[in-house]
Amino acid sequence: MESDYRFERVMKLADHEKQNLEIEYKQLYEQFDQIAHRLIDLVDQKESIQMDIQKKMVQAMRVDQMTLKFSDINKLELLIEETRKYFLSLKRTA
(Lines give C-alpha, C1' and ligand atoms only; values in the text may rest on other atoms or scores of the structure.)
Protein backbone atom coordinates (compact mmCIF):
# COMPACT_ATOMS: atom_id res chain seq x y z
CA MET A 1 0.00 0.00 0.00
CA GLU A 2 2.77 2.40 0.93
CA SER A 3 4.68 1.56 -2.24
CA ASP A 4 1.54 2.45 -4.27
CA TYR A 5 1.50 5.86 -2.58
CA ARG A 6 5.21 6.42 -3.32
CA PHE A 7 4.76 5.34 -6.93
CA GLU A 8 1.77 7.66 -7.33
CA ARG A 9 3.71 10.52 -5.77
CA VAL A 10 6.71 9.92 -8.06
CA MET A 11 4.38 9.82 -11.08
CA LYS A 12 2.77 13.11 -10.06
CA LEU A 13 6.19 14.73 -9.67
CA ALA A 14 7.30 13.40 -13.05
CA ASP A 15 4.09 14.63 -14.69
CA HIS A 16 4.49 18.05 -13.09
CA GLU A 17 8.10 18.27 -14.29
CA LYS A 18 7.03 17.21 -17.78
CA GLN A 19 4.39 19.95 -17.86
CA ASN A 20 6.93 22.55 -16.73
CA LEU A 21 9.37 21.44 -19.43
CA GLU A 22 6.66 21.62 -22.09
CA ILE A 23 5.79 25.17 -21.04
CA GLU A 24 9.46 26.16 -21.09
CA TYR A 25 9.89 24.55 -24.51
CA LYS A 26 6.92 26.47 -25.92
CA GLN A 27 8.27 29.75 -24.56
CA LEU A 28 11.72 29.15 -26.03
CA TYR A 29 10.22 28.10 -29.35
CA GLU A 30 8.21 31.34 -29.49
CA GLN A 31 11.35 33.36 -28.69
CA PHE A 32 13.36 31.58 -31.39
CA ASP A 33 10.52 32.12 -33.85
CA GLN A 34 10.33 35.85 -33.07
CA ILE A 35 14.10 36.25 -33.38
CA ALA A 36 14.15 34.33 -36.66
CA HIS A 37 11.45 36.59 -38.10
CA ARG A 38 13.35 39.64 -36.86
CA LEU A 39 16.53 38.43 -38.56
CA ILE A 40 14.68 37.77 -41.80
CA ASP A 41 13.16 41.27 -41.70
CA LEU A 42 16.55 42.87 -41.07
CA VAL A 43 18.21 40.94 -43.89
CA ASP A 44 15.34 41.87 -46.23
CA GLN A 45 15.74 45.55 -45.32
CA LYS A 46 19.48 45.36 -45.92
CA GLU A 47 19.00 43.70 -49.30
CA SER A 48 16.40 46.29 -50.27
CA ILE A 49 18.79 49.13 -49.49
CA GLN A 50 21.58 47.40 -51.39
CA MET A 51 19.35 46.93 -54.43
CA ASP A 52 18.33 50.59 -54.21
CA ILE A 53 21.98 51.61 -54.18
CA GLN A 54 22.71 49.44 -57.21
CA LYS A 55 19.80 50.99 -59.13
CA LYS A 56 20.90 54.50 -58.25
CA MET A 57 24.53 53.77 -59.13
CA VAL A 58 23.45 53.47 -62.76
CA GLN A 59 22.01 56.95 -62.48
CA ALA A 60 23.67 59.93 -60.92
CA MET A 61 23.71 59.68 -57.14
CA ARG A 62 24.88 62.35 -54.76
CA VAL A 63 27.64 61.46 -52.35
CA ASP A 64 25.54 62.34 -49.31
CA GLN A 65 22.76 60.02 -50.51
CA MET A 66 25.26 57.22 -50.99
CA THR A 67 26.79 57.86 -47.57
CA LEU A 68 23.36 57.75 -45.96
CA LYS A 69 22.52 54.45 -47.68
CA PHE A 70 25.81 52.88 -46.58
CA SER A 71 25.21 54.15 -43.07
CA ASP A 72 21.79 52.44 -43.11
CA ILE A 73 23.40 49.20 -44.26
CA ASN A 74 25.98 49.39 -41.47
CA LYS A 75 23.24 49.94 -38.88
CA LEU A 76 21.29 46.96 -40.21
CA GLU A 77 24.42 44.79 -40.15
CA LEU A 78 24.95 45.72 -36.49
CA LEU A 79 21.32 44.90 -35.67
CA ILE A 80 21.62 41.58 -37.50
CA GLU A 81 24.79 40.72 -35.59
CA GLU A 82 23.27 41.70 -32.22
CA THR A 83 20.13 39.69 -32.94
CA ARG A 84 22.20 36.71 -34.07
CA LYS A 85 24.27 36.85 -30.87
CA TYR A 86 21.11 37.06 -28.77
CA PHE A 87 19.70 34.07 -30.63
CA LEU A 88 22.86 32.07 -29.99
CA SER A 89 22.84 33.00 -26.31
CA LEU A 90 19.26 31.72 -26.03
CA LYS A 91 20.22 28.57 -27.87
CA ARG A 92 23.07 27.88 -25.42
CA THR A 93 20.82 28.32 -22.37
CA ALA A 94 18.11 26.07 -23.81
Side-chain angles (χ1 to χ4, degrees):
M1 192 65 109
E2 188 174 321
S3 63
D4 290 341
Y5 173 73
R6 286 182 185 168
F7 179 72
E8 186 177 321
R9 187 169 178 218
V10 168
M11 291 302 293
K12 283 183 182 180
L13 286 172
D15 189 47
H16 182 68
E17 186 175 336
K18 178 183 171 187
Q19 290 173 354
N20 285 342
L21 287 172
E22 287 175 352
I23 291 169
E24 186 178 339
Y25 171 80
K26 287 177 185 177
Q27 290 172 342
L28 284 172
Y29 180 84
E30 289 173 8
Q31 283 181 319
F32 286 141
D33 191 51
Q34 290 173 354
I35 292 169
H37 285 291
R38 175 78 173 136
L39 279 170
I40 290 169
D41 290 342
L42 290 170
V43 169
D44 287 345
Q45 288 176 25
K46 179 183 169 186
E47 288 174 354
S48 175
I49 292 171
Q50 288 173 330
M51 289 174 66
D52 189 42
I53 289 173
Q54 287 179 348
K55 287 177 187 175
K56 289 184 178 181
M57 293 286 267
V58 175
Q59 307 166 355
M61 185 178 192
R62 293 191 337 240
V63 174
D64 63 331
Q65 289 176 324
M66 190 180 294
T67 304
L68 185 61
K69 294 289 184 182
F70 283 120
S71 174
D72 290 344
I73 289 174
N74 287 335
K75 288 177 189 175
L76 286 169
E77 286 175 344
L78 287 172
L79 283 171
I80 290 168
E81 185 61 23
E82 287 174 9
T83 306
R84 188 186 66 80
K85 285 179 182 177
Y86 178 70
F87 177 79
L88 291 175
S89 71
L90 283 177
K91 190 175 176 182
R92 286 186 195 116
T93 60

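A continuous path of ILVMFWY side-chain contacts below 4.5 Å connects Val43 to Ile35, so both sit in one hydrophobic cluster. Under a hydrophobic clustering in which Ile, Leu, Val, Met, Phe, Trp and Tyr are joined whenever their side-chain heavy atoms come within less than 4.5 Å, directly or via other members, Leu39 and Tyr86 fall into the same cluster.
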In residues 61-76, what donor-acceptor pairs under 3.5 Å come from side-chain atoms, sequence neighbours left out?
residue: Arg62; atom: NE; partner: Asp64; partner atom: OD1; Å: 3.0
residue: Arg62; atom: NH2; partner: Asp64; partner atom: OD2; Å: 3.0
residue: Gln65; atom: OE1; partner: Arg62; partner atom: N; Å: 3.2
residue: Thr67; atom: OG1; partner: Val63; partner atom: O; Å: 2.8
residue: Lys69; atom: NZ; partner: Asp52; partner atom: OD2; Å: 2.6
residue: Asn74; atom: ND2; partner: Phe70; partner atom: O; Å: 3.4

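Applying the salt bridge (Lys or Arg N to Asp or Glu O under 4.0 Å) test to Glu81 and every residue at least two apart in sequence or in another chain returns Arg84.
The distance from atom CD of Gln50 to atom CD of Glu47, rounded to the nearest 0.5 Å, is 7.0 Å. Here the CG atom belonging to Leu28 is positioned 12.5 Å from the CD1 atom belonging to Ile23, to the nearest 0.5 angstrom. Taken from NZ in Lys85 to CG in Leu88, the straight-line distance is 10.0 Å, to the nearest 0.5 Å. One finds the CD1 atom of Ile49 at 11.5 Å from the CG atom of Asp44 (value rounded to the nearest 0.5 Å).
A 4.5 Å side-chain heavy-atom check between Leu42 and Lys46 finds every atom pair outside the cut-off.
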Are Lys12 and His16 close enough, and set up right, to give a side chain to side chain contact (heavy atoms under 4.5 Å, CB included), and what steps lead you there?
CA-CA 6 Å; Lys12 283 183 182 180; His16 182 68; over 6 Å; no
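Note on residues 29-39: pairs passing side-chain hydrogen bond (donor to acceptor under 3.5 Å, both in side chains), not counting sequence neighbours, are Asp33-His37.
Within 6.0 Å of the CD atom in Glu22, the count of heavy atoms belonging to other residues, nucleotides or ligands exceeds 12.
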